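Before any comments, here is the structure.
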Amino acid sequence: MADDATMYRARAAAETANANGATLDNVRERSERAAKAWETMADRAERVATQRHEREAATAAVRDAENNA
């Protein structure tokens, strides 16, 4: 998932560049909305990855405790 977040942030940067280079208002606004959406997806991907790592660590701790008991 970290790769997904990186890709999402790259897409957001590309859309920001598109917005900055746009001469038409509707094109600029569309690119700004797209950049915001990509950033939201990147944040979500990072949050999910963090939660997964925490869950896996907790599961591993329980498994180690059971094996050492």
Side-chain angles (χ1 to χ4, degrees):
M1 277 303 213
D3 292 334
D4 288 342
T6 301
M7 188 271 301
Y8 295 154
R9 296 223 187 270
R11 290 296 307 144
E15 290 297 340
T16 298
N18 289 342
N20 291 337
T23 55
L24 299 173
D25 290 341
N26 63 330
V27 174
R28 183 176 30 264
E29 291 167 0
R30 182 191 66 213
S31 293
E32 288 170 348
R33 284 192 310 271
K36 183 178 178 182
W38 284 113
E39 284 292 338
T40 299
M41 286 185 276
D43 293 343
R44 185 177 306 132
E46 289 172 345
R47 188 171 52 251
V48 167
T50 299
Q51 291 170 346
R52 182 183 313 109
H53 291 302
E54 290 171 353
R55 213 173 34 250
E56 289 171 354
T59 301
V62 168
R63 195 173 302 131
D64 287 345
E66 289 173 351
N67 290 337
N68 292 332

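Predicted model, so just to flag it, every value in this text is computed and none were measured. We use all heavy atoms of the structure for the numbers below, so side chains are in, but hydrogens, waters and symmetry mates are not.
Salt bridge status for Arg9 with Asp43: present, with a side-chain N to carboxylate O gap under 4.0 Å. Salt bridge Arg11/Glu15: present, at least one basic N to carboxylate O contact under 4.0 Å.
Residues Ala45 and Tyr8 approach most closely at CB-CE1, 4.0 Å, considering heavy atoms.
Glu39 CD to Met41 CE: the interatomic distance, rounded to the nearest 0.5 Å, is 10.0 Å. Residue Arg63 holds its CZ atom at 8.5 Å from CD of Glu66, rounded to the nearest 0.5 Å. Met7 contributes atom CE, which lies 5.0 Å from atom CH2 of Trp38 (distance to the nearest 0.5 angstrom). To the nearest 0.5 Å, the span separating CD on Glu32 from CG on Asn18 amounts to 11.0 Å.
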Give the intermediate values and the outcome of side chain to side chain contact (heavy atoms under 4.5 Å, CB included) for residues Arg30 and Asn26. CA-CA 6 Å; Arg30 182 191 66 213; Asn26 63 330; over 6 Å; no

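No donor-acceptor pair closer than 3.5 Å links the side chain of Arg28 to the backbone N or O of Ala19.
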